[in-house]
Amino acid sequence: MDDDSSANVISKHLTTEIDETKKKEIKENLVKYEQLFGADEDAFVQPTTTKKELWSYYLYYNGDNGVGPGSYSQALFQSALTSAGWDPAVSPIEKGNCGNAGCVVSWGSGTKSVASVVLIANGLCFAIMTVIFVALGSAADYGNFGRWLLLFLTAVCWVFQYGMMAIRHSNQWPAAMVLYVISYVAYGATLVFYAALFPRLARYMPDVRKAREEDLKDGKINQAEYDKIESMERNHISNISTAHSNIGYLLTLVINLSVLLPLQGHAFGNNLALCLTNSYWVVLGVWWFIFQQPRPGPKVPKGSNYLTIGWKQVFLAVREIRHLPQTFMYLIAFFLLADGLNTTGTLVSIIQNNIVSFSFLEITYLGLSQAACSITSTFGFWYIQKYFGIRTKYMFMITNAFSVFIPFYGMLGLWSNRVGYHHVRDFWIYNILFGLFQAPYYAYAQTMMSEVTPRGYENMFFGLFGITNRASSIIGPNVIQAIINATNNNWMGFPFLFALCTAASIVIWFVDIEKGRENCRIYVEERKLLRVAKEAGLTTDEVVEGIATGELGAESNTSNGIETVGAEPSKKGLSD
């Protein structure tokens, strides 16, 4: 921790002037007590990030590229739905007669359009993810829980993706919905808890560690210079990992052509392609769990456990929103942006599947164009940013302009059949633009989140980020499915999505990253001070006095083989 942050915390509890020597003593004492009570990740040995570890991190995302749960599984689910549905404009009812017009299936005592059922399934996925991120997000910051949580979620996704191969007939659409929801929830959760790891990997990269532990400590660089070094390393890892996701997306689609081309028209060809897709992730993803170094977080605070800490921490963070205004401003704005963009992607995918008649081969060709553009743009954006030293926020805003354009282009389809996702060529345009600008969008969105995330609370705030990103789309799908269900026109959803993305982009422009970083530093120091006070059974004033005087001591004893830590406060004004 830096001297300025220490002074900010202490100044709220001491009214006397603190000279530099005294400030240094206070800092050293505070570090000692943070380590004593396990209130900070630095209380444990944190290994330097190795090349092997970093590459296994990249390979995991290479496999976790979304082709299976995000594309093929939805296509299988929607295909089964469409086969079981009928065109409501044609009488008498004839199941399986849906074309590019309306299509409904039995739903409860009535009917629902196929598009509405897919959107309801996605809304259900996002609602479940919301609960997971709130309940387990903070828990993943403590001990080694996050490491095992990611392994569990990854295994669940792998198992249910393989289970999706069994979907071959129209009457299996309810089972397809269950398999799709579970695998997509697990997939979305893996992305969040995986992304929460990169700030810590960046923090312990050799050059960043040297800058923090030597150059900053020795006064060779100031805090702003160090922040830029760490920020650029975060951008580096975020962009390269995103590029690997798109490399994996491209390679997966190319591999699948080996099945889709010779088995054109074969009923089981699509299922085999999904098997190959999932196996690709298994082969590349397993290395992260082998080479990941142990990076334990602080101990779970007294009076909490892994099941309750998540709810407590999120409640605390929301209650103290005034302490992190830039962080929550970004979260709220990104909630709207992600809701609009994710729902736009789902709606375009629904229309695309109908236009290409659920052809996995056609979907694969379109995906290849997106993947090739994504790889090029992600590396290109990173090198441009590195060469010119452009800040994360400005790079992010460039991508946001095209986040607004995508639903705008769909909205044009309300007034013209020549543009606006009515023809296969429109989806070539969509996939190329998506690749060129939305791949960097994801990289910069998570990097910007890391810039305004308090250190040591990455999983909690990336859990909240996951709610705003993957789990945000509770509003969008439900609003859009209601609009589509009422009008029987898929294109009527685009005006709402255009307005949503536009409003969110405007708010993000006003987020102040520098203020956000400083707010996070102060927040972390205050939370650690409160943690030490609670563990010691003292008030914060008593702890600060003990830290300032160096009279706050500690003793450990062993009872029944369990080590306990106690505090021995200074004699002045302290309770028993």
Side-chain angles (χ1 to χ4, degrees), residues 51 54-72 187 190-191 194-195 197-198 201-202 232-258 260 273 276-281 283-285 287-288 341-342 345 348-349 352 360-388 390 392 395-403 405-406 427-448 469:
K51 288 185 178 180
L54 189 61
W55 271 97
S56 66
Y57 181 79
Y58 292 152
L59 288 177
Y60 179 91
Y61 206 15
N62 192 301
D64 192 9
N65 53 59
V67 173
S71 181
Y72 283 176
Y187 161 69
T190 63
L191 293 181
Y194 163 88
L197 297 168
F198 87 89
L201 287 176
M232 291 302 288
E233 189 60 59
R234 288 178 180 177
N235 276 284
H236 174 236
I237 294 178
S238 180
N239 277 275
I240 299 303
S241 63
T242 301
H244 270 279
S245 174
N246 289 292
I247 291 170
Y249 194 90
L250 177 67
L251 292 178
T252 300
L253 295 176
V254 170
I255 292 170
N256 286 338
L257 289 177
S258 66
L260 295 173
L276 279 178
T277 300
N278 200 46
S279 298
Y280 180 87
W281 181 11
V283 171
L284 293 187
W287 299 106
W288 170 248
L341 190 59
N342 289 343
V348 172
S349 179
Q352 176 181 285
F360 268 38
L361 184 60
E362 192 72 40
I363 292 171
T364 299
Y365 286 142
L366 290 168
L368 284 170
S369 68
Q370 182 186 130
C373 291
S374 296
I375 296 166
T376 303
S377 65
T378 307
F379 281 118
F381 267 71
W382 162 241
Y383 286 120
I384 290 172
Q385 181 187 18
K386 183 180 179 181
Y387 184 81
F388 292 103
I390 304 173
T392 304
M395 301 297 290
F396 188 39
M397 292 308 300
I398 293 172
T399 69
N400 284 354
F402 288 86
S403 301
F405 177 78
I406 289 173
F427 298 103
W428 283 99
I429 293 172
Y430 165 77
N431 280 279
I432 289 171
L433 283 179
F434 194 96
L436 288 175
F437 296 98
Q438 294 311 295
Y441 155 89
Y442 289 113
Y444 289 116
Q446 69 181 18
T447 305
M448 192 159 168
N469 186 10

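None of the values given here were measured: they were computed from a predicted structure. Values below: all heavy atoms of this structure, side chains included; hydrogens, waters and symmetry mates excluded.
- No donor-acceptor pair under 3.5 Å is formed between the side chain of Gln370 and the backbone N or O of Ile432.
- Rounding to the nearest 0.5 Å gives a distance of 10.0 Å between NE2 of His244 and CD1 of Ile375.
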Ring pair (Phe, Tyr, Trp, His ring centres under 6.0 Å) evaluation trace for Phe379 with Trp382: CA-CA 5 Å; Phe379 281 118; Trp382 162 241; 9.8 Å; no
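- Residues that satisfy the side-chain hydrogen bond (donor to acceptor under 3.5 Å, both in side chains) test with Ser349, not counting sequence neighbours, are Gln74.
- For Tyr444, there are no ring-ring contact (aromatic ring centres under 6.0 Å, His included) partners, not counting sequence neighbours.
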Return all side-chain donor-acceptor pairs below 3.5 angstrom for residues 246-257, not counting sequence neighbours, or 'none' if the list is empty.
unit_1: Asn246; atom_1: OD1; unit_2: Ser374; atom_2: OG; d: 3.2
unit_1: Asn246; atom_1: ND2; unit_2: Thr242; atom_2: O; d: 2.9
unit_1: Thr252; atom_1: OG1; unit_2: Asn65; atom_2: ND2; d: 3.2
unit_1: Thr252; atom_1: OG1; unit_2: Gly248; atom_2: O; d: 2.7
unit_1: Asn256; atom_1: ND2; unit_2: Tyr72; atom_2: OH; d: 3.2
unit_1: Asn256; atom_1: ND2; unit_2: Thr252; atom_2: O; d: 3.3
unit_1: Asn256; atom_1: ND2; unit_2: Thr277; atom_2: OG1; d: 2.9

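- When all heavy atoms of Ala195 and Tyr57 are compared, the closest pair comes out as CA-OH, 4.1 Å.
- With hydrogens and angles left out, the side-chain atoms of Ser369 and Asn431 include no donor and acceptor closer than 3.5 Å.
- Listed by chain and residue number, Thr154 satisfy the side-chain hydrogen bond (donor to acceptor under 3.5 Å, both in side chains) test with Tyr60 (two or more places apart in sequence, or in another chain).
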Given Gln438 and Ile406, is the side-chain contact (heavy atoms from CB on, under 4.5 Å) satisfied, shown in steps? CA-CA 10 Å; Gln438 294 311 295; Ile406 289 173; 4.0 Å; yes
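- With sequence neighbours excluded, the residues that form a ring-ring contact (aromatic ring centres under 6.0 Å, His included) with Phe437 are Phe402.
- Residue Phe381 comes nearest to Pro440 through the heavy atom pair CD1-CG, 3.6 Å, listed as atom of the first residue, atom of the second, then distance.
- Once rounded to the nearest 0.5 Å, the distance linking CG of Asn235 with CE of Met232 reads 6.0 Å.
- Rounded to the nearest 0.5 angstrom, Glu233 CD and Ser238 OG are separated by 11.5 Å.
- Close placement of the Tyr61 and Tyr194 rings is indicated, their centers lying within 6.0 Å of each other.
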Are Trp287 and Trp55 close enough, and set up right, to give a side-chain contact (heavy atoms from CB on, under 4.5 Å), and what steps lead you there? CA-CA 9 Å; Trp287 299 106; Trp55 271 97; over 6 Å; no
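- No side-chain donor-acceptor contact under 3.5 Å links Trp288 to the backbone of Leu284.
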Step by step, work out the side-chain contact (heavy atoms from CB on, under 4.5 Å) result for Gln446 and Ser241. CA-CA 11 Å; Gln446 69 181 18; Ser241 63; 4.3 Å; yes
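- Gly66 and Tyr187 get closest at one heavy-atom pair: CA-OH, 3.3 Å.
- Here Thr399 pairs with nothing under the side-chain hydrogen bond (donor to acceptor under 3.5 Å, both in side chains) rule; sequence neighbours left out.
- Inter-residue side-chain proximity for Met397 and Asn400 is flagged as met; some heavy-atom pair is nearer than 4.5 Å.
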Assess the residue pair Val67 and Trp281 against the criterion (side-chain contact (heavy atoms from CB on, under 4.5 Å)); give the C-alpha distance rounded to whole Å, side-chain angles, the decisive distance to 0.1 Å, and a yes or no. CA-CA 10 Å; Val67 173; Trp281 181 11; over 6 Å; no
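- Under the 3.5 Å distance criterion, the side-chain polar atoms of Ser377 are matched with a main-chain donor or acceptor of Leu436.
- Between the CD atom of Gln352 and the CD1 atom of Ile363 there is a distance of 6.0 Å, given to the nearest 0.5 Å.
- Separation of atoms CG (Asn239) and OG1 (Thr447) is listed at 6.0 Å; rounding is to 0.5 Å.
- For the atom pair CG of Leu201 and CD1 of Ile237, the computed distance is 5.5 Å after rounding to the nearest 0.5 Å.
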